[in-house]
Amino acid sequence: MYEAGSWPIRLQQIIDEFSGVDDSMERIEMLFEYAREIDELPMSEWCDDTKVHGCQSEAHVLPMQNDDGTFHLMGASDAKLVQGLMAITAIALEGLAPSEVAIFSSDYASEMGLMNALTPSRANGFRNMFRKVVQAAQEMGE
Amino acid sequence: MYEAGSWPIRLQQIIDEFSGVDDSMERIEMLFEYAREIDELPMSEWCDDTKVHGCQSEAHVLPMQNDDGTFHLMGASDAKLVQGLMAITAIALEGLAPSEVAIFSSDYASEMGLMNALTPSRANGFRNMFRKVVQAAQEMGE
Amino acid sequence: MTFTPEQARRDIPILNRVLPNGRNLVYLDNAATTQKPQQVISAISNYYETTNSNVHRAVHTLAGEATDAYEGARSKIAEWFGIGDGYLIFTAGTTEAINLAAYAWGRHNLVAGDVVVLTEMEHHSDIVPWQMLAQEREIEIRWVPLQVETSSLDMEVFAASMEGAKLVGCIHTSNVLGVRNPVEEVIRLAHSAGARVILDAAQAAPHDRLNIAESGADMVAVSAHKMCGPTGIGALMVNAETFAEMQPFIGGGDMIREVFLDHSTYQEGVHRFEAGTPKIAEAIGWGAAIDWLAQWDIAEIHSHALGLARHTAAGLREIEGMRVFGDHGDGDGAVVSFIHDKLHSEDMAHMLDAHGIAVRTGHHCAQPLLRKLGLTSTNRVSFYLYNTMAEADFFLATVRDLVARFT
Amino acid sequence: MTFTPEQARRDIPILNRVLPNGRNLVYLDNAATTQKPQQVISAISNYYETTNSNVHRAVHTLAGEATDAYEGARSKIAEWFGIGDGYLIFTAGTTEAINLAAYAWGRHNLVAGDVVVLTEMEHHSDIVPWQMLAQEREIEIRWVPLQVETSSLDMEVFAASMEGAKLVGCIHTSNVLGVRNPVEEVIRLAHSAGARVILDAAQAAPHDRLNIAESGADMVAVSAHKMCGPTGIGALMVNAETFAEMQPFIGGGDMIREVFLDHSTYQEGVHRFEAGTPKIAEAIGWGAAIDWLAQWDIAEIHSHALGLARHTAAGLREIEGMRVFGDHGDGDGAVVSFIHDKLHSEDMAHMLDAHGIAVRTGHHCAQPLLRKLGLTSTNRVSFYLYNTMAEADFFLATVRDLVARFT
Ligand SMILES: Cc1ncc(COP(=O)(O)O)c(C=O)c1O
Ligand SMILES: Cc1ncc(COP(=O)(O)O)c(C=O)c1O
């Protein structure tokens, strides 16, 4: 099970990278950078099914499987910060078995210090996004 | 018009008497003494018409005219303190023309320092009692 | 920490108050409202001095901190009373909590012909909201009698009243008699008849953590100001089944999901019932009150206060002409109502006040109960953790002296 | 006293706050809630430290002092707004005030087929309570359109909507656009059609004494926390005719005259609508806020804040891609909503927060208005007396810098 202390290597690196940064503006810029790394879901495919509720921004995710059956996440948001968080989530989950995603802990966001950098409504949006992803992974397993 | 500075002599004496006393227990005892001086309305005559509303105690007044047409107040309460206040009111108004009672100021109670010694609900009761008396005096004049 | 009243007193600034008449304050009106420790006062000041912001909706640091503090207080209070924080709805106090029950639950679950069972011991707060609903809807209210001799509810009539009952409203602990009602039995009987139960726990909450989930009560109403918290806040705590049956009551910001011109959709969870800017500083102050009380074992606090009540009741009973109510059994409240047959309650209260002693006088918002006792008014002393035996004795000596002098 | 923002700032502890990210707080979210001067914080602490007691019903010194302080606050606040203290009903805030209007007045004076007129500029607080009532009663709600180009209500449609109207609900000053509506005209048109008017003055009250009696408004809702007062309190102020048409809403102690098992009779006057232990410390804190503001001429306070808004709006308009709302005429609120076409409002808000600047972001509880603008969210800065030109300039410089770097 992936949780604090046993994150995928790539995610652990990102966590360390964020933990090393104190300046909140710098952290935001880093998130903006990550925002570019997501497999972006084109706006033409945004729909009710992909929508993450409870965000102030429009946020959409499309959880899917690579050819080898491993997990892959597409996503996009009109807010870069949100898309950055999504991107880190996508990196964290990339290539895992859906069954592993289904029990992945969401604690990495707070470990990165993002949850208190984030506002409650944003944190709420993150939780909804993560729940949507995990649920999709569970359904892939079924 | 009877108001601060121009009270009937007997009332002015009572005001001075109370103003000279600091101890709250002593003031209460003085009120208890005055309670005996009212022309007491017998309980058998207490009725809806005589009742003063807004008191925690049962309080009743019967405003009337002496043979010479001057004002006279009977009253009673099961609380001695209330009856004491009534008695002072009766003394203050005794023998005045109803038309004088009708415009009598109620300020003597605060001048005696009774209004803040009294609680709001008691002060309220006093105001209701006084209003009832003044109203009756007005009607006598008509 | 071992409980001592002296220690509790030290935290409460007002207890050092010298009144305008030169007397030291002896505050024995705790069932009306309790005094506040410095910790509660500072929690409120602190909030305004460092954190104040509107909550829930904004993207800035203060808003995040204020939201955490506010929602953190909710969690703490809910945990204290043994219920999930998803089931604690903040209100302005017990009164608004019972009205919330009547509007959000009652008006959506009771129809003409339905039966609401109340007791003659109820505070006006648990009478008037149901009368208003009954009038609107032709609902029948059945009254469980108070047995004056034993200061207890007639549980036989209670059981017999359950036929067709949809809701039972019951005061957990009487603010006049101090009696703690057999709420376990009330809940059991009500549930086996398929009725929901709302407990007015305004007087119980300061002395008892209530264990709401375990108790099985469907709705429980409490006020912060009666347990060393601030004015302006209280709660309705509701179990999951009842919560699911409630519909929005106060409409506005924060309780909606989406607002259109022709309709709106509502939030899930407690925010559905909390429209507008919440009682933020108040919730935080209440949380601090819980922290303060939690230093000690609540059972020790209760037994201390009850001990003072027992001592006082016994002392009053020795005075000729004195009628004293309640028998102060183990779970009862620390409240002693009394009335002297020759000293009017108002005269008594004024004379006690002249000695610095604050007691309550009147109908205690329980006119049906007073009427049953054949009275319109009693005097009432009520104790809490910071009261001392010396205060109880000073009170008793003063009453003895007044009775001797004025009767 | 001549008004200066520096002087006001000195009284407000939180303005010295250094945030966890090391930045000094620049608080520009005053339309959401305002910061509190030491005088208000101390009034509350003081009350709890020296006077705390339940009010109205007791015969002891503290109760008398607390009642005087509480009712004294009511008188002061009522006088400030130009209405008799017999017509100021305390509520938890603007939201509860409008709900009180809907329950206590609306449900006893509106029947199926009646028409309520609202505007597209309304805050959710002045929409949802009427929608709930409309649903219950088959009442028709007519909407007065917002004209986007001029940020103003379509007064022709307003006039045409008056046919058969029983009530008009109108936001006095918009919390999104800053626009002050022509409330005099609204009242005149409504009254000549025989309709009553309720004004949502949550945003107006911090900048304007309202002169309620003179204005002719039938009901006016305000919140203390938006004018340097505490959370948890506000008021509905009502003229005599409307007051006489209201029926009890929240039932319980303090609002009754007599309670019997089969019916109750109610108090006259404001207490009829204030059941249970009131918001005592809150009222006293609000009174202190009025005293504090009353040191200065409210017109000077308003013109200072509006000046900052105008300066800010002008500065923002110079930035490419920025859409800025409202035209900040003389009576308008000190609120500037804006949105950049390439920087999402949430990203903007987070980046401003990283610089210590608190702004609001989102739908501002006015989804119908935002929908009309074709948006789901804006950023909003809002100024009050303690904000300075230096803060406005720092905000502008930061926004310019962020837009330059990230677009
Ligand atoms: C215009 C307007 N109306 C109503 C409200 C609601 O006020 P409160 O949240 O204090 O009830 C607000 C503030 O959020 C407002 O700006
Ligand atoms: C038993 C009981 N119920 C209800 C209330 C009402 O509580 P509040 O005035 O805080 O709403 C009180 C206190 O007065 C009470 O003692």
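Quick note on labels: first sequence line is chain A, next is B, and so on, each numbered from 1.
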Which one wins on heavy-atom pair count under 4.5 Å against chain C: D/G93, D/S264, D/G234? D/S264

Among D/T277, D/T361, D/L352, the residue with the most heavy-atom pairs under 4.5 Å to chain C is D/T277

Just by distance, do the side chain of C/E49 and the backbone of D/I14 share a donor-acceptor pair under 3.5 Å? no

C/N99 side chain to D/I250 backbone, donor-acceptor under 3.5 Å: no

Non-hydrogen atoms of chain D under 4.5 Å away: do they reach the side chain of C/N52, the backbone, both or neither? both

Quick check: does any side chain N or O of C/N54 sit under 3.5 Å from a backbone N or O of D/T33, one acting as donor and the other as acceptor? no

Using non-hydrogen atoms only, which part of C/V40 is less than 4.5 Å away from chain D: side chain, backbone, both, or neither? neither

Do any N or O atoms from the side chain of C/Q131 and from the backbone of D/F260 form a donor-acceptor pair under 3.5 angstrom? yes

For the student: nearest non-hydrogen atoms of C/T95 and D/A275, plus distance: CG2-CB, 3.7 Å

With respect to chain C, which residue among D/G232, D/A283, D/G356, D/A134 yields the maximal number of heavy-atom pairs within a distance under 4.5 Å? D/G232

What option among D/A366, D/A349, D/S345 has the most heavy-atom pairs under 4.5 Å with chain C? D/A349

Report which part of C/L25 has an atom under 4.5 Å of a heavy atom belonging to chain D: side chain, backbone, both, or neither. side chain

Top contributor to chain D interface from C/Q135, C/E96, C/R23 [non-hydrogen pairs under 4.5 Å]: C/E96

Winner by heavy-atom pair count (cut-off under 4.5 Å) against chain D, out of C/I44, C/D29, C/I141: C/D29

With side chains defined as the heavy atoms from C-beta onward, is the minimum distance between C/K279 and D/E282 less than 4.5 Å? no

Mind checking whether D/H60 and C/Y27 have parallel, tilted or perpendicular rings, split at 30° and 60°? perpendicular

At a heavy-atom separation under 4.5 Å, does C/F249 approach chain D through its side chain, its backbone, both, or neither? both

Enter the distance from C/K36:NZ to D/Y47:OH here, rounded to the nearest 0.5 Å. 7.5 Å

Roughly how far, to the nearest 0.5 Å, is CG of D/N16 from OG1 of C/T50? 12.0 Å

Minimum heavy-atom separation for C/G253 to D/S125, with atom names? N-OG, 4.0 Å

So which of C/Q247, C/M132, C/R371 has the biggest tally of heavy-atom pairs under 4.5 Å with chain D? C/R371

Identify which part of C/E120 has an atom lying under 4.5 Å from any heavy atom of chain D, answering side chain, backbone, both or neither. side chain

Return the option, out of C/V359, C/I98, C/D126, with the maximum number of heavy-atom pairs under 4.5 Å with chain D. C/V359

Using non-hydrogen atoms and a 4.5 Å limit, figure out which bit of C/H364 sits close to chain D: side chain, backbone, both or neither. neither

Hey, does C/P230 have a side-chain heavy atom less than 4.5 Å from the side chain of D/Y48? yes

For the side chain of D/S45 and the backbone of C/I41, is there at least one donor-acceptor N/O pair under 3.5 Å apart? no

Are the side chains of C/E65 and D/P20 in touch, meaning some heavy atoms are under 4.5 Å apart? yes

Under 4.5 Å to a heavy atom of chain C? For D/I280 that would be both

Leading residue by heavy atom contact count with chain D [cutoff under 4.5 Å; candidates C/V128, C/V259, C/T51, C/L19]: C/V259

Between C/L261 and chain D, with a heavy-atom cut-off of 4.5 Å, which part of the residue counts as in contact: side chain, backbone, both or neither? both

Is there a side-chain contact between C/L62 and D/R17 in this structure, where contact means two heavy atoms from C-beta onward sitting under 4.5 Å apart? yes

Could you tell me which portion of C/T34 (side chain, backbone, both or neither) has an atom closer than 4.5 angstrom to a non-hydrogen atom of chain D? backbone

Which of C/A354, C/S223, C/A358, C/C365 touches chain D most, by non-hydrogen pairs under 4.5 Å: C/A358

I need the residue from D/P278, D/P368, D/S53, D/A92 with the largest number of non-hydrogen atom pairs under 4.5 Å to chain C. D/P368

